[in-house]
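Everything on this sheet refers to the single structure shown next.
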Number of protein chains: 2
Amino acid sequence: MGKRFVIIGGDAAGMSAASQIRRLQADAEILAFEKGSTLSYAQCGLPYLIGGVVSEAKNLIARTPEEFRDKYRIEVFIRHEVTKILPEENAVIVKNLAEGSEEGFSYDTLLIATGGHAIFPQWEGRDLEGVFPLKDMDDALRIQGWVQKKNVARVVIVGGGYIGLEMAEAFHHLKKEVAVLDLAPQVAGTFDPELAQLAQQELEQNGIRVALNEEVVALRGENGRVTGVETKTGFYPADLVLVAIGILPNSELAKDAGIELGVKGAIRVDDQMRTNRSNIYAAGDCAVHYHRVKGTEDYIPLGTTANKQGRIAGTNMGGGEAHFAGVVGSAIMKVLNVAMGRTGLSEREAKQLNIPYEVVSIRSRDHAGYYPNGERLHLKLLYHKENRKLLGAQIVGKHGVDKRIDVIATALYAGLTIDQLQELDLSYAPPFNSVWDPVQQASTVAGRS
Amino acid sequence: MGKRFVIIGGDAAGMSAASQIRRLQADAEILAFEKGSTLSYAQCGLPYLIGGVVSEAKNLIARTPEEFRDKYRIEVFIRHEVTKILPEENAVIVKNLAEGSEEGFSYDTLLIATGGHAIFPQWEGRDLEGVFPLKDMDDALRIQGWVQKKNVARVVIVGGGYIGLEMAEAFHHLKKEVAVLDLAPQVAGTFDPELAQLAQQELEQNGIRVALNEEVVALRGENGRVTGVETKTGFYPADLVLVAIGILPNSELAKDAGIELGVKGAIRVDDQMRTNRSNIYAAGDCAVHYHRVKGTEDYIPLGTTANKQGRIAGTNMGGGEAHFAGVVGSAIMKVLNVAMGRTGLSEREAKQLNIPYEVVSIRSRDHAGYYPNGERLHLKLLYHKENRKLLGAQIVGKHGVDKRIDVIATALYAGLTIDQLQELDLSYAPPFNSVWDPVQQASTVAGRS
């Protein structure tokens with residue numbers, strides 16, 4: 001028997017790491033403890049499950065505990081919560097949630113992949129029935145059950161970020177009357193206001209109410225069941241309230257074990273996913289994420305990053321060597337018929353970081369103007385005022401947003417300048433593009449400023 | 001009055017250069033001579049004009065001679081052919097094709113942007129009515145006229161490259177019976193056979209006949225009008241024959257003036273688009289194109305490159321400084337419902353160049369498997385066996401091909417390795433991608449080989 005690897009958390013980061021360790025060490029003993037009842041599923045698919053676009057929960061599940069056991073010899077314990085890490089003893093205490101019993105397990109190397117949790121303030125009425133966060137499969141199934149059984153007509157979503165807006169679409173798809181409340185003067189807070197405005201338009205044109213600058217005071221109910229959201233300025237009746245105001249890392253366990261935390265209380269890791277204890281690693285939504293454009297650690301919990309960090313942690317834990325190159329801040333969401341994509345820094349972020357920047361904003365089309373069904377694209381690019389390196393992009397439109405964001409994300413990774421975008425040899429035929437791609441058109445405009 | 005700039009050719013390269021010169025030199029005298037009757041139009045749109053997807057020829061025309069004159073003070077002479085360059089005298093001889101008169105014009109700086117011509121072998125019967133090349137607007141209008149007036153039922157296309165296959169779709173769209181003949185054992189010659197096979201399947205499934213290894217012997221006709229194509233092994237009846245077997249540079253004028261030619265007889269230029277005569281530049285389909293991956297000059301005539309080279313030539317002619325970074329060999333075409341994209345080197349090219357390479361081929365999907373309407377993507381990536389740098393990619397599928405080709409084209413430009421693809425922070429949401437993009441999946445497979 002080889003070394004024993006213990007993994008806390010059975011989702012993207014944890015199971016990516018486990019699989020990677022198995023690839024590198026045939027004789028390793030690999031134990032994974034998952035507090036919930038579902039392993040390794042597509043969290044980003046939850047809004048589409050609730051909205052009925054994905055028909056069954058099992059479609060989101062990549063692998064079952066049995067598959068991990070039989071195919072990879074990874075012992076996965078679901079409904080098992082790690083309650084304590086004992087770094088001096090190289091051991092964890094695990095509670096079997098079904099039986100209530102506790103047991104200790106020693107490890108040679110430990111991975112903390114405990115994920116994150118939805119922020120859910122101590123508002124009055126937060127425990128009313130019909131009030132939900134959305135972070136995991138269990139949340140999604142609870143929301144689904146409520147919608148199916150409780151004759152829900154009106155939904156209020158608190159928070160207009162990625163999950164809030166994807167869920168606005170989901171409930172709209174279910175023919176509910178939807179209102180989105182945001183504390184900020186805009187929705188889609190990772191976008192600058194003029195682009196966020198386009199998401200708001202799309203919501204409102206589809207009959208979804210958007211209320212900005214709305215600070216929640218309390219959730220109100222009758223007979224233990226929610227009836228609405230009270231804000232400083234009004235009252236929004238609701239049969240269901242979704243609270244989607246952000247994610248924070250599950251880092252208590254690490255903190256209690258004396259492991260160093262970083263930005264937003266996420267577990268601080270080096271580029272090999274190692275914490276300040278050399279045989280303890282962390283990855284995914286519980287850990288910090290190095291931001292390649294900012295050059296600092298950041299906290300941007302996303303499935304793509306969790307998968308990458310998990311794989312890298314597993315490689316290093318298994319005796320290989322891999323380094324996390326960092327995120328560049330890429331994200332995309334579908335808001336009804338519009339795609340909202342971003343990468344790098346927004347103007348707001350550049351300002352906060354005191355980075356001298358220039359902006360170029362253009363309107364273009366996703367493909368040749370003379371070819372049918374062209375759709376408008378709104379592009380905003382930021383670049384460094386002195387060295388002209390790309391800093392970020394935000395793109396909104398009905399079609400072709402993801403392509404341009406990914407081209408710029410690749411350019412950001414490689415450290416290209418705004419001017420080098422013009423030199424790219426992008427593929428062209430009239431159904432797919434213009435002879436100068438919109439990102440190159442923006443580059444040209446920047447060259448003339 | 002400033003310097004006099006003479007430009008031979010009024011299409012993408014020529015007019016891009018002219019506009020750029022005007023930007024840099026307010027007092028320059030700029031004369032452009034165009035042999036044909038249309039300026040600055042979208043050649044790549046011609047198959048869609050003929051197929052009826054683009055309704056009118058004027059939709060393809062970016063600017064008229066009057067606009068160039070009035071807005072940019074560029075004097076454009078259509079139906080004026082430059083018949084001789086006199087480099088010792090810094091002058092050109094221009095023939096007014098309408099009147100037949102000739103006149104000399106001196107220049108301080110000259111741009112040759114004479115474009116290319118369709119290869120049209122001296123086959124017996126090539127002068128029959130109903131036999132056409134397709135390179136310019138006049139060709140397209142002749143083809144359109146023939147289709148409209150001559151009760152065309154059967155079309156034979158000689159050549160299964162980009163134009164051949166786009167025209168197969170166009171004629172199919174017009175409800176014609178279409179056969180595509182190719183001398184090679186495959187269509188889509190810039191793709192490796194297993195991917196080209198997918199284009200062939202798509203053609204055949206839509207009732208388009210594909211005949212490979214077919215060498216044309218002669219075009220046959222009656223009463224001066226084409227009736228079919230005779231090959232070494234058979235006869236293909238036709239009311240219209242399109243010959244689309246490639247493009248060669250229009251470099252005779254340059255050659256006669258003692259200007260150095262390069263690969264395929266294209267005009268040799270440095271990275272500032274300067275020929276071996278310091279005040280004579282060349283750009284676009286008449287010039288060579290530096291290939292960034294091959295590290296040598298190449299000849300890949302495309303509208304994107306003509307625009308880039310034209311702009312660069314204009315910048316340098318106008319006293320600025322710009323350098324052509326080179327092409328990486330990106331191209332895409334729509335073949336009915338399938339997109340065929342490529343960038344960098346094919347396996348055939350890598351072999352020819354004796355570059356030690358590895359291949360990774362995968363089948364994936366354009367977005368998350370659980371999200372509806374996912375489409376299969378076939379990806380083939382090549383990378384250098386020793387330094388693992390990306391060498392090229394070919395991707396075929398119904399959706400999302402252009403995005404991945406452009407990501408890899410950007411990565412090729414930046415000199416990334418196959419392994420670095422895994423590090424890219426690409427945008428992810430279920431409607432747009434998988435948590436690992438297909439190009440990253442391919443990278444993972446390569447890492448395990």
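Residue numbers begin at 1 in each chain, while the letters A, B, ... track the order of the sequences.
For A:Q440, the part sitting under 4.5 Å from any heavy atom of chain B is the side chain, from C-beta outward, and nothing else. At a 4.5 Å heavy-atom cutoff, the contact between B:Q420 and chain A is made by backbone and side-chain atoms alike. Looking at A:R23, the atoms closer than 4.5 Å to chain B (heavy atoms on both sides) all sit in the side chain, from C-beta outward. Contact of B:E56 with chain A is not made at all, since no heavy-atom distance falls under 4.5 Å.
Ion pair B:K308/A:E423 not flagged as a salt bridge, since none of the NZ, NE, NH1 or NH2 atoms sits closer than 4.0 Å to an Asp/Glu carboxylate oxygen.
Contact of the B:R311 side chain with the A:T444 side chain is registered, since non-hydrogen atoms from C-beta on lie closer than 4.5 Å.
Of all the listed residues (B:Y428, B:Y370, B:Y162), the one sharing the greatest number of non-hydrogen pairs under 4.5 Å with chain A is B:Y370. Most heavy-atom pairs under 4.5 Å with chain B, from the set A:A12, A:G303, A:G45, A:G400: that is A:G45. Comparing B:I312, B:L421, B:L60 by how many heavy-atom pairs each has under 4.5 Å with chain A, the most go to B:L60. Ranked by heavy-atom pairs under 4.5 Å with chain A, the list B:L416, B:L49, B:N307 is led by B:N307. Chain A forms more heavy-atom pairs under 4.5 Å with one residue of B:Y371, B:Y48, B:W436 than with any other, namely B:W436. Heavy-atom pairs under 4.5 Å with chain B peak, among A:V327, A:V54, A:D402, A:T304, at A:D402. Counting heavy-atom pairs closer than 4.5 Å to chain B, the top-ranked of the candidates A:C44, A:A429, A:A325, A:G369 is A:C44.
For the residue pair A:S427 / B:S330, no side-chain donor-acceptor distance below 3.5 Å is found, with atom types taken as modelled. Residues B:N433 and B:H367 have side chains that never bring a donor and an acceptor to within less than 3.5 angstrom of each other.
Closest non-hydrogen pair, A:F324 versus A:T305, comes out as CZ-CG2, 3.8 Å.
For residues 403-415 of chain B, heavy-atom neighbours of chain A at less than 4.5 Å comprise B:K403, B:I405, B:D406, B:V407, B:A409, B:T410, B:A411, B:Y413, B:A414, sorted by residue number.
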